[in-house]
There are 4 protein chains.
Amino acid sequence: MGIYERKQREKQRRRKDIINAAQKIFSVKGFNSATMEEIASAAELSPGTIYLYFKNKEELHTSLSIDILKYLSIQIHKVVNLDIHVEEKIERFRDVFIDLYDHDPNILINLFHLQSGETLHNLSDEVMEQLKQNSAQAHGAIIQVIKEGIEKGIFIDEHPVAMADVLWGSYAGVVLWVDSKKKLNNQKDFVKSTLITAFKIIIQGLQKK
Amino acid sequence: MGIYERKQREKQRRRKDIINAAQKIFSVKGFNSATMEEIASAAELSPGTIYLYFKNKEELHTSLSIDILKYLSIQIHKVVNLDIHVEEKIERFRDVFIDLYDHDPNILINLFHLQSGETLHNLSDEVMEQLKQNSAQAHGAIIQVIKEGIEKGIFIDEHPVAMADVLWGSYAGVVLWVDSKKKLNNQKDFVKSTLITAFKIIIQGLQKK
Amino acid sequence: MGIYERKQREKQRRRKDIINAAQKIFSVKGFNSATMEEIASAAELSPGTIYLYFKNKEELHTSLSIDILKYLSIQIHKVVNLDIHVEEKIERFRDVFIDLYDHDPNILINLFHLQSGETLHNLSDEVMEQLKQNSAQAHGAIIQVIKEGIEKGIFIDEHPVAMADVLWGSYAGVVLWVDSKKKLNNQKDFVKSTLITAFKIIIQGLQKK
Amino acid sequence: MGIYERKQREKQRRRKDIINAAQKIFSVKGFNSATMEEIASAAELSPGTIYLYFKNKEELHTSLSIDILKYLSIQIHKVVNLDIHVEEKIERFRDVFIDLYDHDPNILINLFHLQSGETLHNLSDEVMEQLKQNSAQAHGAIIQVIKEGIEKGIFIDEHPVAMADVLWGSYAGVVLWVDSKKKLNNQKDFVKSTLITAFKIIIQGLQKK
DNA sequence: TATGAATGAGGTTTCATTCAT
DNA sequence: TATGAATGAAACCTCATTCAT
């Protein structure tokens, strides 16, 4: 491995460090309450260093989501290409989400927040484009499966984009909503079991009688 | 009407003015970007005055949501007590939401944001309690209908609280998600039609085959 | 005096306090090295307060110069309208400048700095307009006198705007240059006597032989 | 040429590279807005390297001016030693300045800024001394010519140092002032023609009637 | 009760400078 | 000697909140 390569790798590692730290802080405090200094401190770096890797706070935050979307997109595409029943594919989607939620509930919540958020202003064109593309890709894969279900005569024949939106929106909604109930009522975490119920309902709802 | 009563009424009116102004500003700018001065200005009051009616910015914001939750709770309860089929009740729930979204999309989005949000820290016990109660009431009414459906043998027999969560979460998710797509892609507003699809799917999903 | 008037006056007084403090600090430290906190501290105010009166650091700095230009413009116009010889008018200009320099050398230096400076970017249109107008007015009055001299056959007949520029530029240059020598050599202040020499030279230079 | 000498020469060349780059950047951006990184980048070096050749940003900036002063001093001395009329010598001074302005208007402006500037604080004694000496030398040459004029009975007999200051200050002032008007009013560049007028006036002003 | 000027803590961001390689 | 990633101090500015009137 040449020096150049080693440096590139080192740089990527540092970038990853920052992303990890940011994830942790944003998760706990939310976008506005999290400070760059906290994030720097968590990454065991100085504030200035962060700005060598990310243009500003907003772009750092968005980068987290892009990373998740990339991962999600990959996982979802894997499912799409499997040789299994359509309903089963939807169940696999559910599992992908549950896995993600399992890994770090806050990642997911951050992602949904970004999309429904107030920010989205200071992003560079490049990052904005990445966000759109990755988002579209994950979403597109879901639509594809819905269409497959319709074509095979298994799913009801509604507007497939809207149907995919329902699926994705329900994921997001259930996660956000049940998560918020935890905060309000301090109940134990039943996001996962609720998601399972959600998918049971939705899959049945999608099917032709 | 005595002087005391008149004063109380006057006070309530002023409070309502502030809430209306806050709604307008929060809708457009979001929680963090909205400033107390803007809100005061919109209410034709001075910043200081707002603090005579609300403990702080966060509590003002929460009050909006409580108001919506109250209204929502009332509407939902009306539906619960109607002498119509269970499925139809769910459809009516949907219409209640669509009405609300129609009236001001941002109200609803604000509500969902609150619940999934970063705030929820500086609230006084009293406001927190109100929030919980009103939330629980709206939610409870939905659960009740789900249970009714189960008891009548129409709905599948899963954990009814979770089923209600799916319903509510899907509302929220679809609204947030489709709304965010508007921002990202500038597509025309099809939140409402998506919601109709969502409910078609969910109602069918809830039913026993 | 009504309440409104008193408040306006109070506001003006506060504004003046800030300007005075800023003058002091900018004089000693220059634009970039001066900090808003220092200025606030010198004005016995908090940093935030300054921003109630001035949009930003740059506009505060510019306001100083506008104030001087206003004063200068008035003094110069007074001279223009006097019923005295043209050469004498130029001498009076010199005295106006010497007075100003006497009052606060740094004021003048600040003014020249602004005009030859790197900044001039964040100014609001309004302030920019004021700056131009006041600058043009003072300058215009000088041109007027030059023209008068030419018309009366006393001054050489060159491009009068350029001649006025020479006059003004020489003021500025002598002040800046001799002032800088003070810094370099710690000589005692002979700006004033140099200015007198300068005007003797320039007046004779302006005259037809 | 020994190794030592070659190294010295190499070092001087590198130093010159940095100075050239710095000149370019300072010209366009001014002292404060120019960054060391930009300068390093323009010199195709890394920031750290600059600090091997210059103590700090201020000293780098000052070095530019010293270089100009050196050049100026040489040119002025050349004029002093010419066998021509005194008035013509002054005109040659003017041409030297116009040449310099022609070559890079910003160099000159930078020089004047330095002298009237906010910096001049972090300079090492050595650099400070150089600055003083070179400045004194250029200035001294001008004084010498003024004195020559006085001795020959051509120029009025005022304090010759002050007269030289007027000359130099007028240069600086006209350049700075007319240049600033360009910025304010976007008029076309007439610095040079104004300088010519300036010298016409000043030369005549210096002469005995 | 209402005001609104003043506060001042705290946030983001920049950039001259250092130092391990 | 040269590098350039990292530093971290310090600056500008915002805005929720207070309090004298």
Side-chain angles (χ1 to χ4, degrees), chain A residues 3 6-7 10-11 14 18 32-41 43-58 60 122, chain B residues 7 10-11 14 31-41 43-61 122, chain C residues 3 6-7 10-11 14 18 32-41 43-58 60 122, chain D residues 7 10-11 14 31-41 43-61 122:
Chain A
I3 280 184
R6 186 180 305 142
K7 286 212 167 171
E10 173 71 16
K11 216 166 167 177
R14 193 54 63 97
I18 296 172
N32 280 284
S33 300
T35 74
M36 292 302 266
E37 199 162 321
E38 276 174 314
I39 292 168
S41 168
E44 295 178 78
L45 291 170
S46 77
T49 306
I50 310 242
Y51 287 85
L52 296 177
Y53 292 85
F54 298 91
K55 204 184 106 213
N56 54 36
K57 191 184 180 185
E58 200 160 348
L60 169 57
N122 289 15
Chain B
K7 285 210 167 172
E10 173 70 15
K11 206 167 166 178
R14 192 57 62 96
F31 180 76
N32 280 285
S33 300
T35 72
M36 291 303 264
E37 195 162 323
E38 276 174 313
I39 292 169
S41 169
E44 294 178 75
L45 291 170
S46 76
T49 307
I50 304 215
Y51 286 84
L52 298 175
Y53 292 86
F54 297 91
K55 200 184 115 210
N56 54 36
K57 191 185 182 184
E58 201 159 350
E59 203 147 311
L60 169 57
H61 185 253
N122 291 12
Chain C
I3 280 185
R6 186 178 308 142
K7 286 212 168 171
E10 172 70 15
K11 217 166 163 175
R14 191 55 64 97
I18 295 172
N32 280 283
S33 301
T35 73
M36 292 303 265
E37 197 162 323
E38 277 175 313
I39 292 169
S41 170
E44 295 178 77
L45 290 170
S46 76
T49 307
I50 310 242
Y51 287 87
L52 297 177
Y53 291 85
F54 298 92
K55 204 184 106 211
N56 54 37
K57 191 185 181 185
E58 201 159 350
L60 169 57
N122 289 15
Chain D
K7 284 209 169 174
E10 173 71 15
K11 206 169 167 177
R14 194 55 64 95
F31 180 74
N32 280 283
S33 301
T35 71
M36 292 301 265
E37 195 163 324
E38 275 173 314
I39 292 169
S41 168
E44 296 180 73
L45 290 170
S46 75
T49 307
I50 303 216
Y51 286 84
L52 297 175
Y53 292 85
F54 299 90
K55 201 185 113 209
N56 54 35
K57 189 185 182 185
E58 202 159 350
E59 205 146 308
L60 170 57
H61 185 252
N122 290 12

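The structure displayed is predicted, hence computed values, not measured ones. Letters go in sequence order (proteins before strands), and every chain restarts at 1.
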Check the distance between [N]'s [atom2] and [X]'s [atom1] and give it to me in whole angstrom.
{"X": "A:Glu38", "N": "E:dG11", "atom1": "CD", "atom2": "P", "result": "8 Å"}
{"X": "B:Phe54", "N": "F:dA16", "atom1": "CZ", "atom2": "C1'", "result": "16 Å"}
{"X": "B:Ile39", "N": "F:dC15", "atom1": "CD1", "atom2": "P", "result": "12 Å"}

Under the rule for side-chain contact (heavy atoms from CB on, under 4.5 Å), what residues qualify as partners of A:Ser41, not counting sequence neighbours?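 side-chain contact (heavy atoms from CB on, under 4.5 Å) check on A:Ser41 returns nothing, list empty.
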Heavy atoms only: give me the nearest C:Ile18-C:Ile39 pair and the separation to one decimal.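 Answer, listing the atom of C:Ile18 first, then C:Ile39: O-CG2, 4.4 Å.
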Which atom pair, heavy atoms only, marks the closest approach of A:Asn56 to A:Met36?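 For A:Asn56 and A:Met36, the tightest heavy-atom pair comes out as C-CE, 4.4 Å.
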Count the heavy atoms of every other residue, nucleotide or ligand shown that sit under 6.0 Å from CD of C:Glu38, and state whether that count exceeds 12.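 Check passes, neighbour count above 12.
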Find the runs of at least 3 consecutive base pairs, i with j, i+1 with j-1 and so on, that include DNA chain F, using Watson-Crick or G-U wobble geometry with both distances under 3.5 Å.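 Expected stems, ordered by start: E:2-21 with F:2-21.
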Quick one: what's the B/S/- string for nucleotides 4-14 of chain F, heavy-atom cutoff under 4.0 Å, read 5' to 3'? B-BBB--SSBB
Rounded to the nearest 0.5 Å, how far apart are NZ of B:Lys57 and CG of B:Asn32?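 That separation rounds to 5.5 Å.
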According to salt bridge (Lys or Arg N to Asp or Glu O under 4.0 Å), who are the partners of B:Glu10, at least two apart in sequence or on a separate chain?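 B:Glu10 satisfies salt bridge (Lys or Arg N to Asp or Glu O under 4.0 Å) with B:Arg13, B:Arg14 only.
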Got a list of side-chain donor-acceptor pairs under 3.5 Å for residues 47-55 of chain C, not counting sequence neighbours?
from    : atom 1 : to       : atom 2 : distance (Å)
C:Thr49 : OG1    : C:Ser46  : O      : 3.4
C:Thr49 : OG1    : C:Ser46  : OG     : 3.1
C:Lys55 : NZ     : C:Asn122 : O      : 2.8

